[in-house]
Number of protein chains: 2
Amino acid sequence: MSLRHAALGLLALRGEASGYDLLGIFNESLEHVWPATQSQLYTELGKLTDAELVQVVAEGGRGRKAYAVTEAGRKEFEHWLLEEPPTTNRRNDMLLRVFFLGLVPPEQAREFLLGRAAAAAEMHERLRGVEESLTGEQGPLAVHGRIALEWGLRYSAMQDEWARWAAGQLTAEGAAEQPG
Amino acid sequence: MSLRHAALGLLALRGEASGYDLLGIFNESLEHVWPATQSQLYTELGKLTDAELVQVVAEGGRGRKAYAVTEAGRKEFEHWLLEEPPTTNRRNDMLLRVFFLGLVPPEQAREFLLGRAAAAAEMHERLRGVEESLTGEQGPLAVHGRIALEWGLRYSAMQDEWARWAAGQLTAEGAAEQPG
DNA sequence: GAAAACATGTAATTAGTTACATGATTAA
DNA sequence: TTAATCATGTAACTAATTACATGTTTTC
């Protein structure tokens, strides 16, 4: 139920914001970490209000409602952030396919893995571009954004290397090599 | 909708199996890649039968039904396996928390990251145990299982290193260091 | 005779997606 | 005046989880 905590956290960062404002942040900054749809977000803000974890602090034109976290909301958020262990993502579509690669000819299995390597390499390059555009940025948000970005860089590099190694395992020569 | 394809794939591997048999494989072999509940699996087998991607090939005692993939099912499975690009897992609970680490004192943020490093190291050790128990195993299933295991080893190593690096970034000394 | 294992199914709930539906304000 | 942006809300559907519900066969 992390959308709830993402919303609380964004309100804690911003002080106050409307659903529309939050949606903008989800689409800009959290798109690759915790996407949310408009429908889901407005529904969640309603539930958070009922639970008294946030409250409407201002109403503006066009039906705009500005929300802020309550004391209870802040507490709930910090409990989640530091006390609750992050749930690891158990489902992995790609590894599921690897499990079944024995059902197709080795050459097609190899192609699959090399395709994954290429996709990872592409992602890596895209992130390197983001990294470059970030040099010179200051502030605490830049620090944590940089840390998350570094995760992506290492993840995509790992995936690229692994997939190329795995493709090697499927060839006669590769099967004799040691992993690493 | 990968549960559908996981079920098709397992039936393709096995030739035929009951819902109960498949559930055993999900719990043993696919637990860390694509978990499924009993309720979900039986429901899916019903849908797959309606869609004529599988069919009941035998009925036994205790209401047992043995399923096998149809020609259409095999086709659908192979299309999924090789043609459809794997969907990358977009939501990452841990990175979401990293995004908000600026909201708590640096020492608590550092603790959070070192906790993640420890969890990753623990996972790595657990997988190394699995790896050892696998040496000597033969056959194509062992090859692909080994490839998936290697992903887990590299992933956990990456996460451990990254989290320790990130914790370093949050200290005065660490902030001056270069990433890598 | 009791427990374990085999075997299937449904109901209720939650999280998330897509689509539908409406309207106000601002900038070109 | 019209298009873009701002702004909110509901409905229908899918995937997944937890709980409920039942019964048979084998093994100790």
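Residue numbering restarts at 1 for every chain, and letters A, B, ... go by the order of the sequence lines. What's counted below: heavy atoms across the whole structure, side chains too, no hydrogens, waters or symmetry copies.
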Inset, instruction - Grab the CD-P distance between A:Glu44 and C:dA15 for me, whole Å please. - result: 7 Å
Inset, instruction - Give me the one residue out of B:Glu44, B:Glu84, B:Glu76 that meets salt bridge (Lys or Arg N to Asp or Glu O under 4.0 Å) with B:Arg4. - result: B:Glu44
Inset, instruction - Whole angstrom is fine here: how far is it from CG in B:Asp21 over to C1' in C:dA5? - result: 13 Å
Inset, instruction - Determine, for A:Arg74 against A:Glu78, whether the closest basic-nitrogen to carboxylate-oxygen distance falls under 4.0 angstrom. - result: yes
Legend entry - Nearest-angstrom distance from the residue atom CG of B:Leu23 to P of C:dA7: 11 Å
Legend entry - Separation of C:dG16 P from A:Asn89 CG (nearest whole Å): 11 Å
Inset, instruction - Output yes when at least one side-chain N/O atom of A:Tyr42 is less than 4.0 Å from OP1 or OP2 of D:dG9, else no. - result: no
Inset, instruction - Kindly say whether B:Trp80 contributes a backbone atom to a donor-acceptor pair with the side chain of A:Arg97 at under 3.5 angstrom? - result: yes
Legend entry - Nucleotide C:dC6, atom P - distance to CG of B:Leu22 in whole Å: 14 Å
Inset, instruction - Run the salt-bridge test on A:Glu150 and A:Arg146 with the 4.0 Å N-O cut-off and return the result as yes or no. - result: yes
Legend entry - Integer-rounded Å distance: C:dA15 P and A:Leu48 CG: 11 Å
Legend entry - Cation-pi, A:Trp165 ring and B:Arg154 (6.0 angstrom, 45 degrees): yes
Inset, instruction - Report whether A:Val56 and A:Tyr20 are members of the same hydrophobic cluster (ILVMFWY, side-chain heavy atoms less than 4.5 Å apart, transitive linking). - result: no
Pairs under 3.5 angstrom, nitrogen or oxygen only, protein versus nucleotides 16-22 of chain D, please.
from: D:dA16; atom 1: OP2; to: B:Gln40; atom 2: NE2; distance (Å): 2.8
from: D:dA16; atom 1: O5'; to: B:Gln40; atom 2: NE2; distance (Å): 3.2
from: D:dA16; atom 1: O3'; to: A:Arg91; atom 2: NH2; distance (Å): 3.4
from: D:dT17; atom 1: OP1; to: A:Arg91; atom 2: NH1; distance (Å): 3.4
from: D:dT17; atom 1: OP1; to: A:Arg91; atom 2: NH2; distance (Å): 3.1
from: D:dT17; atom 1: OP2; to: A:Arg91; atom 2: NH2; distance (Å): 3.1
from: D:dT17; atom 1: OP2; to: B:Gln40; atom 2: OE1; distance (Å): 3.4
from: D:dT18; atom 1: O4; to: B:Ser39; atom 2: OG; distance (Å): 2.9

Legend entry - A:Asn27 CG to D:dA7 P, straight-line distance once rounded to whole Å: 14 Å
Inset, instruction - Check the hydrophobic clustering (I, L, V, M, F, W, Y; side-chain heavy atoms under 4.5 Å; chains of links allowed) and say if A:Val57 and A:Leu53 are grouped together. - result: no
Legend entry - B:Asp21/B:Arg64 salt bridge by N-O under 4.0 Å criterion: yes
Legend entry - Atom-pair distance (CG on B:Leu45; P on C:dA7), nearest Å: 14 Å
Inset, instruction - Kindly state which residues belonging to residues 54-66 of chain A come within less than 4.0 angstrom of DNA chain C, counting heavy atoms of the residue only, listed by number. - result: A:Arg62
Legend entry - Heavy-atom pair of closest approach, residues B:Leu3 and B:Phe26: CD1-CZ, 3.6 Å
